[in-house]
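Input: a single structure, listed below in structure tokens.
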Protein chains: 2
Amino acid sequence: MKMRPAAYVMLGMIGLGARSGYAIKKLADLSTRFFWPTSLAQVYPELGRLEEAGLLTRKSKLEGKRERFDYELTEVGEEKLVEWLRSPKEAETQFRDEGVLRLFLADRLPPDDQLALVRRLRKRVHEAGAHTREEIVPLAEALERGGTRFPAQVARLRADTYAYTEQWLERLESELEP
Amino acid sequence: MKMRPAAYVMLGMIGLGARSGYAIKKLADLSTRFFWPTSLAQVYPELGRLEEAGLLTRKSKLEGKRERFDYELTEVGEEKLVEWLRSPKEAETQFRDEGVLRLFLADRLPPDDQLALVRRLRKRVHEAGAHTREEIVPLAEALERGGTRFPAQVARLRADTYAYTEQWLERLESELEP
DNA sequence: GTGTGCATGTAAGGAGTTACATGATTGC
DNA sequence: GCAATCATGTAACTCCTTACATGCACAC
């Protein structure tokens, strides 16, 4: 079976306690989304493949007419996850940001629009930082109290990077001010 | 015509002096690649669409049996570019990084593998930072001397962010050391 | 004469998204 | 009773990449 990073997101979320596909997606939206986005349409087919490959078990529990499932990692699943975590092979980081692209080309703008663009970018970074500090870090710190430490490290790295970028753009902004 | 960010990359690169599709790709690989990756297979069809829409002109110049083209922005093309630079609408930033995903799930690893993972990440960030400082910033500063200032701002923002992240991971590394 | 870089393009495939479709349960 | 949330899934589509195909020019 071909293992893409999305597969390890599934295994990881189940490892963190998510029991349904829906719960995986919700947890991923509060955590891995920021460095590996995953849509619901990926979740169910991927879970199917992972079960077929024996990396997880799905137990059916009928609720009304609708079938619901309880997922759990198998031993093989846990091993494969750890093996991947250890392996150094990596696709290149990819980053796409229209804001930075605009900044790169901003020489074509008149000075007041340049300033407005930088202000918009800073505001966006500020909001992302605030969201991270207020919503994401506390959740990760709750996990930390339970002994799972790395989600909080990653959340703080993101929060601190946003803060640093905000300062940087603030400085650029003041340089551009008339 | 539907204008995606890749279209503005083309317009921007021509605006910076790239005259052929090949030159656009080369310049993009040294600049916009880091916040809007573009493959060669996108370049030629996109240039075709942009010409059809009247945003650029292509002048054919026959070299041997092979046709070569000289691209230039039309007035409409310049206007559309500036209009987009001014517009606030933006798709969400997207970032995909297997390294950070591994870090997020690193609680499953034994301590020595956790440390090895953080070291690998720091090394990767260090190399990306060095490449940015040594290869990208100097090119952008050459443009700056010609009066085009923002590419250098973006290059420095990237260089400084890498340096900050490297420090951050260094600190985490020393916390994990036995 | 041969490899490297310049240069233009297409075809097939893969990864991921949006939109759609269905139904149960819980809180107001 | 109705909205929001929980929950599972598929189909169509878009975007982008990899691989392929071709040929000129120049340096060694």
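Reminder, nothing fancy here: chain letters follow the sequence lines and each chain counts from 1.
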Just by distance, with hydrogens left out, do A:Thr57 and A:Glu72 show a side-chain donor and acceptor under 3.5 Å apart?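 Looking only at side-chain atoms, A:Glu72 and A:Thr57 do not form any donor-acceptor pair under 3.5 Å.
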Considering only residues two or more places apart or on different chains, which pairs with a residue in residues 142-163 of chain B satisfy ring-ring contact (aromatic ring centres under 6.0 Å, His included)?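 Found none.
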Is it true that the NZ or CZ of B:Arg58 lies under 6.0 Å from the centre of B:Phe69's six-membered ring and within 45 degrees of the ring axis?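 Positive - B:Arg58 is close enough to the ring of B:Phe69 and near enough to its axis.
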Let me know, please, whether B:Tyr44 or B:Arg96 comes out on the 5' side of the other along DNA chain C by nearest nucleotide.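 Per heavy-atom nearest nucleotide, the more 5' residue is B:Tyr44.
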Answer whether the closest heavy-atom distance between the side chains of A:Ile24 and A:Tyr44 falls below 4.5 Å.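 The answer is no; the side chains never approach within 4.5 Å.
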Does a side-chain heavy-atom distance below 4.5 Å link A:Arg96 with B:Thr93?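 The answer is no, as the side chains (C-beta and beyond) never meet within the 4.5 Å cut-off.
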For atom [atom1] of [X] and atom [atom2] of [N], their distance in whole Å:
| X | N | atom1 | atom2 | result |
| --- | --- | --- | --- | --- |
| B:Glu92 | D:dC15 | CD | C1' | 18 Å |
| A:Leu40 | D:dA11 | CG | P | 16 Å |
| B:Asp70 | C:dT8 | CG | P | 9 Å |
| B:Leu47 | C:dG9 | CG | C1' | 11 Å |
| A:Arg49 | D:dT10 | CZ | C1' | 13 Å |
| B:Glu51 | C:dG9 | CD | C1' | 15 Å |
| B:Glu46 | C:dT10 | CD | P | 14 Å |
| A:Gln94 | D:dT17 | CD | P | 7 Å |

Quick check on C:dA15: is either OP1 or OP2 less than 4.0 Å from any side-chain nitrogen or oxygen of A:Gln42?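 No, because none of the side-chain N or O atoms of A:Gln42 sits under 4.0 Å from OP1 or OP2 of C:dA15.
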Considering only side-chain heavy atoms of [X], which listed nucleotide, [options], is closest?
| X | options | value |
| --- | --- | --- |
| A:Ala41 | C:dT8, C:dA19, C:dA15 | C:dA19 |
| B:Arg4 | D:dG9, D:dC15, C:dT17 | D:dC15 |
| B:Arg58 | C:dG9, D:dC16, D:dG9 | C:dG9 |

Measure from the ring center of A:Phe95 to the ring center of B:Phe34 and say whether it is less than 6.0 Å.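 No, the ring centres sit 6.0 Å or more apart.
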Near DNA chain D, counting only heavy atoms under 4.0 Å, which residues of residues 22-39 of chain A show up?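 Within residues 22-39 of chain A, the residues near DNA chain D are A:Tyr22, A:Lys26.
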Have a look at B:Lys61 and say if it touches a base, only the backbone sugar-phosphate, or nothing, with a 4.0 Å heavy-atom cut-off.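 The answer is nothing, as B:Lys61 stays clear of every strand by at least 4.0 Å.
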Touch check for B:Arg19, heavy atoms < 4.0 angstrom, all strands: base, sugar-phosphate only, or nothing?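 If one applies the 4.0 Å heavy-atom cut-off, B:Arg19 turns out to touch nothing in the nucleic acid.
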Approximate separation, where rounding is to 0.5 Å, of B:Leu47 CG and B:Met13 CE: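 Answer rounded to 0.5 Å: 12.0 Å.
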